[in-house]
Amino acid sequence: MKTLVPLKQTVDLVEELELNDDGTDVEREYLTFKLNEWDEQALEEALLIKDAVGGEVTVVALDEPDADQSLYGARAKGADRAVKLTGDFAAGVSSHARAAILAGFLESQSFDLVLIGVQTPEDLDGQTGVILAGMLGLPHASVAVAVEPDGDALKVTQEMGAGVTHQLRIVGPAVVGVQAARAAPRYVPISRIRAAMQEGGLEQQPAAEVEAVSGLTVRRMYAPQSSSHAEMLGADADAAAARIIEIIRERGVLKV
Amino acid sequence: MSNDIFVLVEHHGGAISETTNELFGMARGLAEASGGAVVGCLLGSGASSLAEGLAADAVLSVQAPELAAFVPEAYAATLAALVAERDPRVLLIANTTVGMDVAGAVSGRTGRPLVAYCSAITVEGDTLVVTSQVYGGKLNAEVQTASGAIVSVVGGSAPAASGGSPTVETVAPPDLSGLRTTFVARVEAQSGDVDITGEEILVSVGRGIGGEDNIELAQELADALGATVSASRPVTDAGWLPKSRQVGKSGRKVKPKLYLACGISGAPEHLEGMSDAELIIAINTDEKAPIFDVAHYGATADLFDLLPALTDQVRAVST
Ligand SMILES: Cc1cc2nc3c(=O)[nH]c(=O)nc-3n(C[C@H](O)[C@H](O)[C@H](O)COP(=O)(O)OP(=O)(O)OC[C@H]3O[C@@H](n4cnc5c(N)ncnc54)[C@H](O)[C@@H]3O)c2cc1C
Ligand SMILES: Nc1ncnc2c1ncn2[C@@H]1O[C@H](COP(=O)(O)O)[C@@H](O)[C@H]1O
């Protein structure tokens, strides 16, 4: 089985999100980026498939901040090939543009399966995986929690909510958006990632030229201001605990 | 282009989903503004009677054996054909699994723009103005796009509407031979160790709890309060708590008397499952965490200090 896993660097949500001067996007220059957590799940699922039936796992990323780190991290975990698509992505890349770039890359690849994170926090114009599937006319499934080889097909478990799942059988090539891998992503020590970096071997090629295809214009971004923001009880643990006790006694939740 | 507002009708086991009715609630105002009709798109197999009672003016019913169950590829092909032929002003799709699977694929197939995570939408002349929740709910984006867009809508964004009596037009499906996806089975929820939907007090932990060993801190507080421990998704995905304890979009919807959110950021997918709780108290070191927008009370203390302090104080007043 040949599996391709696109990796995307996303804004670390733990950080303060500053807006740019015209308030239409986050200020990318000062943010830290990390591998999208759902891509990490997709990579794990790809490696589990490889562990079970063999085959090849290729990871591919646009040349976005710290992409090398993620690509080499994937190599250290067991990905066979790592490809970096070069270009100027400083202004951010919409999901549609990303899907078009990936579609361009896939033209030159043979693959049975694309496993991609179900979403990223900045998918304003939708999720890349299913857009890619639509552009290429491939079968797809999103919100997958298990992707297992089943003869010459795939058995995909799709989470429908409230504990319900659907099981699908898909004959590849297909695109599957992974919500969670069957196991927690494997851990590799930083020393192994460094070793992979020293070994090198990143393949590089220019990203396909695509037009800006999202068709959306951001008028403004802003932090939502809820009229019903919580009444804050401060940062002191003992004082906050005392207030919480008062509140839940008043409300009759704590019946003493 | 027609001025109609299309809505994808999602149904499971012969029942219309609640989010579908919310889309109809949202569509009515848009149809009034654009001068078109509210049109439901009902895909299924022998399921056209589900049109009855939808808050739509008309329903386009596409019935085929291949549409008997939710097969993403079949839905995307059918919906793409319908949209290409009828050219609606907007197609509204709920941001459920079905929506997350189909909206992007239809956009990719038809080249129509897609706006995701929509919480509000208005029509301004030929332009659509959509408010979207991005960055895990930390920011809203106000975007404009041309008519013809597909919009996927976050649950709870509009009041549900139903009780209409739409006309039903039967539409032939596109060629669905050659599908490479087969629906195998629907697996109902496993009954878990406890049913968190019936609990009065939930001590709910998120990624901020840091690891499996720390769950005990929440369990001790829960024991003192006579409560149950629930969790956000990353906690159950990591196996620190069973799946049946997960609150949110893909977990359970809860409405306890007290929901104590500990180390949970308040992503839209989590809020979908708990924002109706009677009393929400959030503990999160990040004062900008979106959970504070739905919580009634909030503390920015470290949960590793606050949980034990609370446990001690509850024990002290209880004895
Ligand atoms: C299709 C789909 C379905 C989903 N369904 C669900 C669902 O059902 N339920 C769900 O929960 N999520 C769901 N998610 C995931 C959701 O998008 C978020 O990723 C998730 O809710 C984040 O969980 P969290 O708040 O625990 O983690 P994070 O967002 O990482 O937040 C952790 C928080 O802990 C705080 N923190 C850290 N350390 C401390 C400390 N010592 N003391 C106090 N606070 C601390 C941080 O400030 C941070 O705000 C779904 C996602 C998708 C794509
Ligand atoms: N429009 C739809 N959206 C989502 N799921 C559907 C839809 N139509 C049918 N299904 C699925 O098909 C199966 C049978 O549905 P029903 O015909 O409504 O009993 C269920 O598992 C549903 O989840």
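The shown structure was predicted, so the numbers you read here are calculated from the model rather than taken from an experiment. Scope of the values below: all heavy atoms of this structure, side chains included, with no hydrogens, waters or symmetry mates. Throughout, a chain's letter reflects where its sequence line sits, starting with A, and its residues are numbered from 1.
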Check each atom of [X] against the heavy atoms of chain B and say whether the ones under 4.5 Å are side chain, backbone, both or neither.
X: A:A162; answer: both
X: A:V130; answer: both
X: A:A242; answer: both
X: A:A223; answer: both
X: A:L216; answer: both
X: A:R220; answer: both
X: A:Q158; answer: side chain
X: A:V11; answer: side chain
X: A:L132; answer: neither
X: A:V175; answer: neither
X: A:T120; answer: backbone

Rounded to the nearest 0.5 Å, what separation is found between the [atom1] atom of [X] and the [atom2] atom of [Y]?
X: A:L254; Y: B:I201; atom1: CG; atom2: CD1; result: 7.5 Å
X: B:S152; Y: A:D125; atom1: OG; atom2: CG; result: 10.5 Å
X: B:L279; Y: A:R251; atom1: CG; atom2: CZ; result: 4.5 Å
X: B:Q313; Y: A:D238; atom1: CD; atom2: CG; result: 6.5 Å
X: B:R186; Y: A:M160; atom1: CZ; atom2: CE; result: 6.5 Å

Atom group of [X] that falls short of 4.5 Å from chain A, counting heavy atoms:
X: B:T131; value: side chain
X: B:T182; value: both
X: B:V130; value: neither
X: B:E272; value: neither
X: B:Y297; value: both
X: B:A141; value: both
X: B:L310; value: both
X: B:I281; value: side chain
X: B:L114; value: both

Q: Specify the closest pair of heavy atoms between A:A235 and B:A301, including all atoms of both residues, with the distance to one decimal.
A: O-CB, 3.3 Å
Does any part of the side chain of [Y], heavy atoms only, come nearer than 4.5 Å to the side chain of [X], both counted from C-beta?
X: B:K138; Y: A:M221; value: no
X: B:V143; Y: A:T217; value: no
X: A:L168; Y: B:F70; value: no

Select, from [options], the one with the greatest count of heavy-atom pairs under 4.5 Å involving chain A.
options: B:T311, B:T181, B:T145; value: B:T181
options: B:A105, B:P113, B:A309; value: B:A105
options: B:M100, B:E188, B:R109; value: B:M100
options: B:E278, B:H296, B:E200; value: B:H296
options: B:N140, B:L307, B:I283, B:V134; value: B:N140
options: B:V187, B:L260, B:D286, B:T197; value: B:V187

Q) How far apart are the C-alpha atoms of A:I245 and B:V314, what are their side-chain angles, what is the distance that settles it, and do they pass the side-chain contact (heavy atoms from CB on, under 4.5 Å) test? A) CA-CA 7 Å; A:I245 300 282; B:V314 173; 3.4 Å; yes
Chain B contacts, top residue of [options] (heavy-atom pairs, under 4.5 Å):
options: A:I131, A:T165, A:V218; answer: A:T165
options: A:R219, A:H96, A:M135, A:Q41; answer: A:R219
options: A:A184, A:P139, A:A240; answer: A:P139
options: A:L124, A:V253, A:V143; answer: A:L124
options: A:K155, A:Q179, A:E122; answer: A:Q179
options: A:G163, A:A230, A:A153, A:G252; answer: A:A230

Q) Taking the inter-plane angle between the rings of A:H166 and B:F183 on a 0 to 90° scale, is it parallel (under 30°), tilted (30 to 60°) or perpendicular (over 60°)? A) perpendicular
**Q.** Side-chain H-bond candidate by donor/acceptor type, B:S250 with A:E159, under 3.5 Å
**A.** yes
Please check if the side chain of [X] supplies one atom and the backbone of [Y] the other of a donor-acceptor pair under 3.5 Å.
X: B:K249; Y: A:G161; value: no
X: B:R180; Y: A:P173; value: yes
X: B:D101; Y: A:S142; value: yes

Q: Using the side-chain contact (heavy atoms from CB on, under 4.5 Å) rule, take B:F292 and A:E231 through it: C-alpha gap first, then chi angles, then the decisive distance, then the call.
A: CA-CA 9 Å; B:F292 292 127; A:E231 180 183 331; over 6 Å; no
Q: Decide salt bridge (Lys or Arg N to Asp or Glu O under 4.0 Å) for B:R233 and A:E37; before the verdict, give the C-alpha distance in whole Å, the side-chain angles of both, and the deciding distance to 0.1 Å.
A: CA-CA 12 Å; B:R233 167 138 218 157; A:E37 60 175 293; over 6 Å; no
(Q) As a quick check of understanding, evaluate salt bridge (Lys or Arg N to Asp or Glu O under 4.0 Å) for B:E73 and A:R169, giving each step before the final call. (A) CA-CA 12 Å; B:E73 192 187 6; A:R169 184 173 187 278; over 6 Å; no
Q) Quick check: are there more than 12 heavy atoms from other residues, nucleotides or ligands sitting under 6.0 Å from CG of A:D22? A) yes
Q.
Tell me whether A:K34 at atom NZ has more than 12 heavy atoms from other residues, nucleotides or ligands lying less than 6.0 Å away.
A. yes
Q: Would you please test A:I248 and B:L225 for side-chain contact (heavy atoms from CB on, under 4.5 Å) and show each step?
A: CA-CA 10 Å; A:I248 63 179; B:L225 284 169; 3.9 Å; yes
